[in-house]
Amino acid sequence: MLFQGISSVTIDAKGRLSVPTRYRDVLVGQFEGRVTLTRSPDGCLMLFPRPDWERYRTKVLDLPESAKWFKRILVGSALDTDIDATGRLLVAPELREAAKLTKGALLLGMGSYFELWDKAIYEEKEAAAMAEGMPDALKDFTF
């Protein structure tokens with residue numbers, strides 16, 4: 001399953017996020033609601049179905065010693081969690097703080113995982129990226 005698209009989500013006072021139905025059905029049906037959240041070096045959180053996280057974690061742990069801090073950030077911050085019976089998942093306080101998540105957030109499908117962004121931070125970073133213009137890697141890409 002490849003996840004794509006953007007969804008506005010709300011994080012309640014207890015740190016729970018209601019997973020949008022279009023993703024929840026797949027995450028519960030195919031992955032029994034078992035997911036892993038971790039920090040991203042980009043400033044957001046990444047949300048993986050557990051089997052995809054396990055493959056990603058192996059790649060991260062195989063990185064050379066020079067990447068030790070990124071191993072710490074990605075693997076050391078990882079938290080296994082489950083989508084509950086009402087379709088919510090708990091985002092730990094440490095992860096919410098690391099990503100500066102507030103009530104308003106955005107969930108972006110990024111193929112095999114999701115990114116969870118604070119809405120204001122994402123909008124700021126998106127505007128900066130658009131102002132920079134198209135990166136060289138896309139100059140010869142045909143849409």
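Between the side chain of K71 and the backbone N or O of L63, at least one donor-acceptor pair lies under 3.5 Å. In terms of modelled atom types and a separation under 3.5 Å, the side chain of D118 and the main chain of T102 share a donor-acceptor contact. R34 places no side-chain N or O within donor-acceptor distance of the main-chain N or O of D82, the cut-off being under 3.5 Å.
Seen from the ring of W53, R50 does not count as a face-on cation partner, given the 6.0 Å and 45° thresholds.
Interatomic distance, OG of S77 versus CE of M46, reported as 9.5 Å (0.5 Å rounding). Within the model, atoms NZ of K68 and CD of E65 stand 4.0 Å from one another, a figure rounded to the nearest 0.5 Å. Atoms OG and CG, on S40 and L116 in that order, are 11.0 Å from each other to the nearest 0.5 Å. Interatomic distance, CG of D25 versus CZ of R22, reported as 11.5 Å (0.5 Å rounding). In this structure, CE in M110 is found 13.0 Å from CG in L47, a value given to the nearest 0.5 Å. The distance from atom CG of L106 to atom CD of E123, rounded to the nearest 0.5 Å, is 6.5 Å.
Scanning both residues, G43 and W117, for their nearest heavy atoms gives C-CZ3, 4.4 Å. When all heavy atoms are compared, the tightest approach of Y23 to G109 is OH-N, 4.3 Å. Scanning both residues, V35 and L89, for their nearest heavy atoms gives CG2-CD2, 4.2 Å. Taking each heavy atom of R39 and L95 in turn, the nearest pair found is CG-CD2, 3.7 Å.
The shortest side-chain heavy-atom distance between F70 and P41 falls under the 4.5 Å cut-off. Counting heavy atoms from C-beta on, the side chains of V19 and L27 come closer than 4.5 Å. Counting only heavy atoms from C-beta outward, the side chains of P20 and L107 approach each other to under 4.5 Å. Within the 4.5 Å cutoff, side-chain heavy atoms of L61 are placed close to those of V75.
Tracing side-chain contacts under 4.5 Å through hydrophobic residues (I, L, V, M, F, W, Y), one never reaches I6 starting from I11; they form parts of separate clusters. Neither L37 nor V60 shares a network with the other; the hydrophobic side chains, linked directly or stepwise wherever heavy atoms of I, L, V, M, F, W or Y lie under 4.5 Å apart, form separate groups for each.
Every side chain to side chain donor-acceptor pair (under 3.5 Å) that D12 has, sequence neighbours left out, goes to R16.
Other residues, nucleotides and ligands place no more than 12 heavy atoms under 6.0 Å from the NZ atom of K119. Other residues, nucleotides and ligands place no more than 12 heavy atoms under 6.0 Å from the CD atom of E124.
With respect to L45, the side chain to side chain contact (heavy atoms under 4.5 Å, CB included) criterion is satisfied by exactly one of L101, L17, T38, L79: L101.
Ring geometry for F3 against F114 counts as tilted: the plane angle lies between 30° and 60°, on a 0 to 90° scale.
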Between D52 and S112, is the side-chain hydrogen bond (donor to acceptor under 3.5 Å, both in side chains) condition met? List the steps. CA-CA 7 Å; D52 291 321; S112 62; 5.1 Å; no

Take T21 and R24 through the test side-chain hydrogen bond (donor to acceptor under 3.5 Å, both in side chains) and record every step on the way to the result. CA-CA 5 Å; T21 305; R24 181 177 52 224; 2.8 Å; yes

Hey, mind stepping through F48 and Y56 against ring pair (Phe, Tyr, Trp, His ring centres under 6.0 Å) and telling me if it holds? CA-CA 9 Å; F48 291 87; Y56 182 82; 4.8 Å; yes

